[in-house]
There are 2 protein chains.
Amino acid sequence: MNQRADLLLTNGIVVTADQNNTIIHNGDIAVKDGKIIAIGENLDIEADKKESLNRSIIMPGLINSHTHAAMTLLRGYSDDLPLMEWLADIAPAEGSLVGGDVYAGTFLACLEMLKAGTTCFADMYFFEEEAAKAAVDAGIKIIAGEGILNFPTPSAAAPEHALEITEALCSKYKNHPLVKICVAPHSAYLLDEKYLLRSGEISMKYNIPLMIHVSETASEVAQIKEKTGKTPIRYLDSLGLLNKNLLAVHCVVMDNEEIELFRKNNVKVSHNPESNMKLASGISPVPEMLEKGICIALGTDGAASNNDLCLLSEMDTAAKLHKVNKLDPTVVSARQALRMATIDSARALGIENETGSLEIGKDADLLVLNHNLPGLNPLYSPESHIVYAASRREVGDVYVKGKKMVSQGNIVHSDTVSAIRNVNKIISKFEKKIIKTQ
Amino acid sequence: MNQRADLLLTNGIVVTADQNNTIIHNGDIAVKDGKIIAIGENLDIEADKKESLNRSIIMPGLINSHTHAAMTLLRGYSDDLPLMEWLADIAPAEGSLVGGDVYAGTFLACLEMLKAGTTCFADMYFFEEEAAKAAVDAGIKIIAGEGILNFPTPSAAAPEHALEITEALCSKYKNHPLVKICVAPHSAYLLDEKYLLRSGEISMKYNIPLMIHVSETASEVAQIKEKTGKTPIRYLDSLGLLNKNLLAVHCVVMDNEEIELFRKNNVKVSHNPESNMKLASGISPVPEMLEKGICIALGTDGAASNNDLCLLSEMDTAAKLHKVNKLDPTVVSARQALRMATIDSARALGIENETGSLEIGKDADLLVLNHNLPGLNPLYSPESHIVYAASRREVGDVYVKGKKMVSQGNIVHSDTVSAIRNVNKIISKFEKKIIKTQ
């Protein structure tokens, strides 16, 4: 090769998550201008910087297909309640948020996610421009979605306003290296038909994902049926919203016909098992959807209903939950769970050409698991370890577009202590008493 | 106070797990001769060494009520299979084990557990004297149980031999500071009646726990019914084995009458949700048992069916799994999950007078969660964070009997890299190819 790399990582166990799930037992990765330019055994390539992975696992950075990042502000604020009661409990605190609060909460979330090996996340919240700024400052990729609801939000006086914000964000962040935009109508139960339709139009106009909560609970399904005579999924179908850009979040309460509707229309699903478990919403029919070839992405949901933003534990939970639910240990294999959090999350967000797997031409969004720790030894199967054994304790280095953002588990370019301090200042205005940690 | 402490930890958020679930928002803990001698706000006490906790959460060290520690050797060896197929798949490798192998596998497990905040574990495996030695060398508490099975094991030619080993261990480790012994008949399906009865006699003679796998799967229940005409629990009842010393592990397949039998006889249960999920065994009726006041301890099971030995994630999974299974977010609260992994595990193992909660007179078995990390901020409820947000990434310092075994997440007195190397040497004799990590 005559191309000189900026960075050459050597002697790793390379889990590519490519089409053939290729694993290179002793592999190198060369990076130039933030992109992977070569990958394989014993690469013969010059590089400005060379680093040995010392037999660590290297894999694609994880992609969180659904969260409300700023809700770190409400981590543990309210627990062990059903969805609707929980939403009511956190509503006053959420209602008091200003743009700077969302920035600070999102920034903390970005540091948490980077430290857990996540290099990209899809967000739905208020003041999404602040969320995007926080992501850029933290150095993580974001798909930002301004929440669109019937009622006034802290950042939008009316749904029309939220739609305008969305389009403004599309213009502002066109071709941004870290920021992409999605349309984020909250749900069919909190947004009227005409705005759902407008959301769909924007998704088509800009060819961006439409991220929406769908069929999260039985009570939601009953409510939409009462209102429209249809289940939420059939209702969205009747509006013409089931298409390749739709990222349907949760999808807990579904029948087989609805699964077929998803397959036929190439709808993507964001599966958030830990949140669904904690809120006791139910269990999404993921094995059935996988069987049909539906693209299932993994997400953590917000920190207020999880209560972490860690996809390593989310993969583990996803794989185990469906096994016990089906009483079949063969469903949702380690490999499938791994793909959900990497390449399939990328596909769900329309970014599979730039990230989600380790392949030449894609961004060098990389996660190195520190293999010199007891929890990842011995090693028979890297995919098994990533899903069933690894935690964020084992996260070593994390790269976004070839830039090292986490080194040996620690954030490189931001000040974590200040980020925590900023969040603690903000939440002192909430009703609930906090316990000072500084 | 006129007693001088060896160690005074100050300015912590103290989660005691005592009878009243007392939390001291700004608390100190004084330790002398390995025991807690004072606990409270602004302790006026002299100490040889003083350390500020800097607003970190301090809590009892976690207690793993059931594992097969040496099975770290088989972490990820075989996945995504039903219990019986999985057991058959790992059997040849297990059959080849010698004492030194169990030592090395257990030693690695001890380091993993300490790093995850666990200060005591109950073990069932072969060559348990080697397991006990490994625990002592690693500086963690063990309740060692030599596995008793109908067929020859790597360490016992016959069940009589395993029973002899058990009694010999009882004599050898009488009053040992770190080692206690339990009787560990594998199960009613792998051990004949007369040996179950002998196990019960030893448990009574030495007043030690009898740890046994019970009703883990529907097929086990069917098998015992076929053989004895009774369910496993009713069969154990007919043998007079349901009593306060019985630690029944798994208890996935149970009816209400069996729950009542457990309550009446003060039987303790070791709940291992992640293993039960991964092997697709089913979901134990934990909320029903909690309602009856039955003592539920938490366990990880072996690393080969989990695949980690982390009780922080096990608490999280336990709390969430039962919520979604019952479609009721109020069952298995954070507080209950926390008690399962601390004081209730201690009660289940008969060691509640020496550990499991932070109280004067108990051993200083302590876990400090590093609060200066994004994932544990902000803080409204320490119990919520411990169960829903903390991972082993946030484990700071860990003390066993007042001795610091883990400092800022790192093992203090043992060499982790050598421990990994030793394990990798051993497993090269197994059939499955390993991937070298060193």
Side-chain angles (χ1 to χ4, degrees), chain A residues 13 25 55 73 75-77 79-82 108 111-112 115 274 276-280 282-283 306-308 310 313 317 320-321 323-324 326-330 333-334 371-372 374-375 377-382 384-385 388-389 391-393 416-417 419-420 423-424 427 432 434-438, chain B residues 13 25 55 73 75-77 79-82 108 111-112 115 274 276-280 282-283 306-308 310 313 317 320-321 323-324 326-330 333-334 371-372 374-375 377-382 384-385 388-389 391-393 416-417 419-420 423-424 427 432 434-438:
Chain A
I13 298 161
H25 283 197
R55 312 299 305 129
L73 296 171
R75 189 200 312 277
Y77 188 86
D79 292 309
D80 302 348
L81 291 175
L108 188 71
L111 301 190
E112 179 186 353
K115 281 168 79 84
E274 293 193 14
N276 297 157
M277 292 169 82
K278 182 155 183 280
L279 293 166
I283 300 174
N306 187 311
N307 294 344
D308 62 48
C310 181
S313 79
T317 302
K320 286 173 178 160
L321 176 64
K323 290 181 198 328
V324 79
K326 296 288 169 195
L327 294 178
D328 178 356
T330 66
S333 65
H371 201 60
N372 244 339
N377 279 284
L379 174 61
Y380 302 95
S381 155
S384 167
H385 272 17
Y388 297 125
S391 75
R392 57 189 187 265
R393 176 67 179 90
T416 305
V417 173
I420 293 171
V423 159
N424 279 329
I427 63 171
K432 281 199 191 164
I434 56 157
I435 301 172
K436 283 200 182 142
T437 59
Q438 287 175 322
Chain B
I13 298 161
H25 283 197
R55 311 299 304 131
L73 296 171
R75 189 200 313 276
Y77 188 86
D79 293 307
D80 303 348
L81 291 176
L108 187 72
L111 301 191
E112 179 186 353
K115 282 167 79 85
E274 293 193 15
N276 298 156
M277 291 168 82
K278 182 155 182 281
L279 294 167
I283 300 175
N306 187 311
N307 292 346
D308 62 47
C310 181
S313 79
T317 302
K320 286 174 178 160
L321 176 63
K323 291 183 200 323
V324 80
K326 296 287 170 195
L327 294 178
D328 179 355
T330 66
S333 65
H371 201 62
N372 244 340
N377 280 284
L379 174 61
Y380 303 95
S381 155
S384 167
H385 272 18
Y388 297 125
S391 76
R392 58 189 187 265
R393 177 66 180 89
T416 304
V417 173
I420 293 171
V423 159
N424 279 331
I427 63 171
K432 281 201 191 164
I434 57 156
I435 301 171
K436 282 198 183 146
T437 59
Q438 286 175 324

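Basis for what follows: all heavy atoms, side chains included, without hydrogens, waters or symmetry-related copies. Letters A, B, ... mirror the listed sequences (proteins, then strands); counts begin at 1.
For chain A, the nearby part of B:Lys115 is the side chain; its heavy atoms alone come within less than 4.5 Å. Looking at B:Ser313, there are no atoms closer than 4.5 Å to chain A (heavy atoms on both sides), in backbone or side chain. Of the two parts of B:Asp79, only the side chain, counted from C-beta on, holds a non-hydrogen atom closer than 4.5 Å to a non-hydrogen atom of chain A. Interface remark: B:Leu108 contributes backbone and side-chain atoms alike to the contact with chain A (heavy atom separation under 4.5 Å). Residue contact with chain B, scored on non-hydrogen atoms closer than 4.5 Å, is absent for A:Ala419. Contacts of B:Leu81 with chain A are made by backbone atoms alone, with heavy-atom separations under 4.5 Å and no side-chain atom involved.
With sequence neighbours left out, the side chain to side chain contact (heavy atoms under 4.5 Å, CB included) criterion links B:Ser391 to A:Arg392, B:Arg393, B:Glu394. Take A:Tyr388 and apply the side-chain hydrogen bond (donor to acceptor under 3.5 Å, both in side chains) test, not counting sequence neighbours, and it matches A:Lys323, B:Asp80.
Of all non-hydrogen atoms in B:Ala389 and A:Arg75, the two that sit nearest each other are CB-CD, 4.1 Å. Nearest heavy-atom pair across A:Ile420 and B:Pro374 is CD1-N, 4.2 Å. The two residues B:Ser384 and A:Gly76 have their closest heavy-atom pair at OG-CA, 3.5 Å.
Under the 4.5 Å side-chain criterion, counting only non-hydrogen atoms from C-beta, B:Met277 is in contact with A:Leu321. Side-chain contact between B:Val417 and A:Asn372 is present, with at least one heavy-atom pair separated by less than 4.5 Å.
Between A:Asn377 and the options B:Val423, B:Ile427, B:Asn424, a side-chain contact (heavy atoms from CB on, under 4.5 Å) holds for only B:Asn424.
Of the listed residues B:Asn306, B:Leu111, B:Ile283, the one with more heavy-atom pairs under 4.5 angstrom with chain A than any other is B:Asn306. With chain B as partner, the option from A:Thr330, A:Leu327, A:Thr317, A:Asp308 having the largest number of non-hydrogen pairs under 4.5 angstrom is A:Leu327. Heavy-atom pairs under 4.5 Å with chain B were tallied for A:Cys310, A:Pro382, A:Gly282, A:Ser381; the largest tally goes to A:Gly282.
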